[in-house]
Number of protein chains: 2
Amino acid sequence: MAVTLKQIAEQAGVSPSTVSHAIRGINPGKRQLSPQTIIKIRNVAQKLGYRPNMLAAGLAQNKTFTVGVLVSTLRGDFYERILEGITEVVHPQFTPLLTVHNYDKLRERRELEVLIGKRVDGIIAACSGDVENSYIYRELGEVHRMPLVLVDRGLKDINCPVVRSDHFKSTYIAVKELFGLGHRQIVFAAAGRDMDSTQIFKDGFTAAIREVGCESESGIFAKKTNSWTRGEMKQFASEIIDHVLGLAQRPTALILQADWLAYDVLAECQVRGIRVPADLSVMGMEDCSPSALPGISLSTIKVELEQVGKLAAQMLLNLINGEVPSQTKVLVPPSVIIRKTTRMLA
Amino acid sequence: MAVTLKQIAEQAGVSPSTVSHAIRGINPGKRQLSPQTIIKIRNVAQKLGYRPNMLAAGLAQNKTFTVGVLVSTLRGDFYERILEGITEVVHPQFTPLLTVHNYDKLRERRELEVLIGKRVDGIIAACSGDVENSYIYRELGEVHRMPLVLVDRGLKDINCPVVRSDHFKSTYIAVKELFGLGHRQIVFAAAGRDMDSTQIFKDGFTAAIREVGCESESGIFAKKTNSWTRGEMKQFASEIIDHVLGLAQRPTALILQADWLAYDVLAECQVRGIRVPADLSVMGMEDCSPSALPGISLSTIKVELEQVGKLAAQMLLNLINGEVPSQTKVLVPPSVIIRKTTRMLA
DNA sequence: GTGAAAGCGCTAACAG
DNA sequence: CTGTTAGCGCTTTCAC
C-alpha cells in the first residue's frame with residue numbers, strides 16, 4: 001500500500017536501517033552517514049512520496065507522539081479555551097487525541113480506555129467528578145504508568161498534578177474589589193453542577209466577607225442543579241432577584257458564579273426596573289466572550305483558561321520526560337475586570 | 001511494560017492467537033472457541049488489567065481507528081461547533097486527532113503530514129484556502145489514498161466531498177425575509193478573510209435583490225482584511241454606519257456578514273442615536289451564542305455548524321467503508337431567526 | 001477447537 | 001560508515 005522503508009532501501013541500494021537513520025537525521029541513532037548516501041536516500045524518499053509510519057515507529061519505541069485529552073464538553077468556550085492552550089503547548093511534538101465525556105460516567109470510563117488502548121504518551125483530563133470513576137484514574141497511573149494531569153477539577157485520593165483556576169481567590173477578590181468600591185451588602189449567588197467547586201467559591205466569599213467585616217449584611221444564595229438549560233438559568237436568575245429584593249438590608253452588589261447566569265440576571269433586572277449599576281452592581285465570573293460586548297459590558301472575574309491548558313500541557317510534557325513535578329497542585333490566579341455593571345458607591 | 005497478549009496466553013495456558021480471538025469476540029476471526037476457554041481467558045485478562053494495544057492491532061490490520069481533523073482555529077465557536085458534530089458522529093468507532101493550522105500555510109502542510117504519518121483512517125479538513133497548498137490535499141488522495149472530506153471551504157481542482165454551509169442561500173433568504181417585512185432599501189456589508197465565501201454571500205444578495213426588484217435602492221458595502229481584531233471590527237462598523245448615513249436613499253435594513261460584526265454595528269448605532277429596529281433593521285449571520293442573549297437579541301441567519309460537522313463525519317465514515325459518495329458537494333441550508341433587531345415596516 | 005508461524009513497518013543492538 | 005538480526009504486540013493464514 002503505502003511506501004515503506006524497505007522499498008526505499010531497495011531503490012537506493014542500501015539497507016533499511018541506513019534509510020531509517022538517513023530519514024531521521026543524525027542524532028537519533030548517533031550514526032555517521034556519508035553525505036552522499038543521505039542525499040541519495042532522501043531523494044528516493046522524496047520521489048516516492050515516503051511518509052514514515054509513526055505507528056510502526058511508535059510500536060518499536062513504545063511511544064505514540066500523541067497525548068490524550070478528555071474534556072467534559074465542547075459546548076461553550078470553557079473547555080475550548082483550555083484546549084487551545086493545550087494544543088499550542090504540545091505542538092508540534094505531540095498531537096492531541098480528543099475525547100469528550102459529556103458528564104456521563106460510563107462514557108468517561110470508555111474514553112479513558114480508548115486512550116489507554118491507543119497508548120497515548122500521556123493524558124490531560126477534566127474528570128466528570130464522579131467518584132465512582134476514581135479507580136480508573138488510579139489505574140491509569142498505577143497499572144498503566146501513564147502520565148496524567150487533571151484540569152479544572154481534582155479527584156480525592158488521586159495523587160497526580162492538578163491544574164485549576166483558583167476559585168477561592170475568584171470570589172475572594174470579587175468581594176475585596178466590591179468592598180473597595182464602597183459596597184457593604186454583598187450577595188453571592190452560587191450555582192453549579194460541581195459541588196466541590198461551588199463550595200470553594202463559597203469559602204472564598206465567606207473568607208473575604210469576614211475579613212472586611214460584613215458578615216451581618218452579606219450572604220450566599222445557592223441552588224444546585226446538574227443541568228443548566230436556558231430556561232432553568234432564567235428561572236434561577238429570577239429567583240435570585242426575588243431573593244435580593246426580599247432582603248431586609250437591600251444588597252448593593254451581587255456576584256454570580258458564572259457569566260452566563262449574570263447575563264440572565266442583567267435581563268431580569270431590566271425587566272424589573274432595577275438599574276445596573278445605579279441600583280445594583282453586578283459581577284460575573286469567567287469572562288466569557290460576550291461579556292466584553294458593548295451591549296453587555298459585564299464586570300467580571302477573568303478566569304485564565306488558556307493558561308490552565310498551557311500549564312497542564314507543560315506539566316504533562318515534563319512528566320512524559322520523566323521529570324518529577326516540583327508542585328503538584330497548581331492554582332492559576334484570576335483577575336478582576338471592571339466594565340460597566342459595577343459602580344463605586346458615593 | 002504493559003501486559004500483552006502473550007503474557008495472557010502463558011497464564012491461561014493457550015496460544016496467543018486463541019487469546020486474540022477470545023478477547024475480540026466471535027466474529028472477527030470467525031473461529032469457534034469453547035465457552036470455557038473464552039471465560040478462562042477473559043478472566044485472566046481482567047485480572048491482569050489487559051488493554052489491547054491498538055497500535056499493534058492497527059499495524060497488523062492497517063487501520064488506526066482514528067480520524068484526523070484539521071481546523072483553522074479553536075477561537076470562537078465556529079469550528080468548535082463543527083468539531084462537536086464530528087466527535088459525536090465518529091464516536092465511539094473512531095477518535096479524532098485534532099490539529100489546527102491558524103491560517104498558516106506551512107503549519108497546514110505540517111499538520112497534514114503528521115496526520116499522514118500517524119496513518120489516520122481518514123481526514124476532515126477546513127483548509128486554509130491557500131491555493132499553494134492544494135497539491136498536498138491532492139497528494140492525500142492520489143498517493144496516500146486517504147479518505148478526505150473538506151468542510152466550510154472547497155478547493156479548486158480537488159475532487160473530494162465538500163460539506164459547507166450554503167452561503168448563497170444565507171444572504172438570499174435574508175433579503176427575502178427583509179423584503180417580506182416591507183424593506184426595500186437594503187444594504188449588505190461584506191467582510192471576511194475568505195474572498196471566495198464573501199463572493200458567494202454577495203452573489204446570493206444580488207440574486208435576491210434582483211428577484212425582488214430593488215437593485216436601484218439597495219447595495220453592497222465591502223471591505224477586505226485578513227485579520228479581524230476587535231479594533232478593526234469596531235472601525236469597520238463605524239464605516240458601515242457612515243456609509244449607510246451617507247446614502248441618498250436611506251436604507252431601512254442592514255445585513256452583516258457576521259454576527260460579531262453586527263454586535264459592533266449595534267453598539268455604533270446606539271452611540272449615534274440610531275434606534276434599532278425603529279430606524280434601522282439589523283440582521284447578522286451565523287447565530288453565534290451571544291445573539292440569543294436578552295441584551296442582544298440579534299435577528300440573524302442561523303448557520304447549522306453542528307450539522308456541517310455531522311454530515312462531513314458521516315461522509316467520511318462512508319468513504320472509509322469504501323462507499324462511493326452519492327453527492328460530492330453538500331450544502332447545508334441556513335435558516336432565518338427573527339429576534340429583536342428587525343421589524344416589519346408599516 | 002486450538003497452535004505455529006509469518007508478517008505489519010519500523011527501531012535498536014550488534015557486528016563488521 | 002553500513003548491513004544483519006531481532007524484536008515491538010498484534011492479526012491472520014494455514015495446519016493439526
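Residue numbering restarts at 1 for every chain, and letters A, B, ... go by the order of the sequence lines.
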K.L.:
Find the distance A/K6:NZ to D/dT4:C1' and express it as a whole number of Å.
P.N.:
14 Å

K.L.:
Is any side-chain N of the basic residue among B/E111 and B/R107 closer than 4.0 Å to the acidic one's carboxylate O?
P.N.:
yes

K.L.:
Using a cut-off of strictly less than 4.0 Å, decide whether A/S20 has a side-chain nitrogen or oxygen near OP1 or OP2 of C/dT11.
P.N.:
yes

K.L.:
Below the 4.0 Å mark, does C/dA12 have OP1 or OP2 next to a side-chain nitrogen or oxygen of A/Q61?
P.N.:
yes

K.L.:
Return the value, rounded to whole Å, for the distance between atom CD1 of B/I38 and atom C1' of C/dT2.
P.N.:
12 Å

K.L.:
Mind calculating the distance between CG (B/L55) and C1' (C/dT11) to the nearest angstrom?
P.N.:
14 Å

K.L.:
So, taking the atom named CD1 in A/I158 and the one named CG in A/L148, what distance separates them when rounded to the nearest 0.5 Å?
P.N.:
8.0 Å

K.L.:
Counting side-chain heavy atoms from C-beta on, which of D/dC8, C/dT11, C/dC8 comes nearest to B/L59?
P.N.:
C/dC8

K.L.:
OP1 or OP2 of C/dG3 versus the side-chain N and O atoms of B/S15: is any pair under 4.0 Å?
P.N.:
yes

K.L.:
Roughly, in whole Å, what's the span from NZ in A/K118 to P in D/dC8?
P.N.:
22 Å

K.L.:
Determine whether a donor-acceptor pair (one donor, one acceptor, N or O, separation below 3.5 Å) exists between the side chain of A/S17 and the base of D/dT2.
P.N.:
no

K.L.:
For the backbone of B/C160 and the side chain of B/K329, can you confirm whether one donor and one acceptor N or O come within less than 3.5 Å of each other?
P.N.:
yes

K.L.:
Using OP1 and OP2 only, check whether a side-chain N or O of A/R24 sits under 4.0 Å from C/dA12.
P.N.:
yes

K.L.:
May I ask you to say what B/P16 touches in the nucleic acid, namely base, sugar-phosphate or nothing, with a heavy-atom cut-off under 4.0 Å?
P.N.:
nothing

K.L.:
A/H21 has an atom NE2; how far is it from atom P of C/dA12, in whole Å?
P.N.:
7 Å

K.L.:
Indicate yes or no: does A/E113 engage B/R51 in a salt bridge with an N to O separation below 4.0 Å.
P.N.:
yes

K.L.:
Mind checking B/N62 for me? I need base, sugar-phosphate or nothing, with any heavy atom below 4.0 Å counting as a touch.
P.N.:
nothing

K.L.:
Could you work out which one of D/dG3, C/dT2, D/dG9 sits closest to the side chain of B/T37?
P.N.:
C/dT2

K.L.:
Checking contacts here: which listed nucleotide (C/dG3, D/dT11, C/dT11) is nearest the side-chain heavy atoms of B/T18?
P.N.:
C/dG3

K.L.:
Write down the distance between CZ (B/R119) and P (C/dG9), rounded to a whole number of angstrom.
P.N.:
9 Å

K.L.:
Nearest to the side chain of A/S34, which nucleotide is it out of D/dC10, C/dC10, D/dC1?
P.N.:
D/dC1

K.L.:
Taking all heavy atoms of A/G129 and all of A/R153, pick out the closest pair and write down the distance.
P.N.:
CA-CD, 3.9 Å

K.L.:
Measure the distance from CD1 on B/I23 to P on D/dG9 and round it to the nearest whole Å.
P.N.:
15 Å

K.L.:
Could you state the CZ-C1' distance from A/R51 to C/dG9, rounded to the nearest angstrom?
P.N.:
16 Å

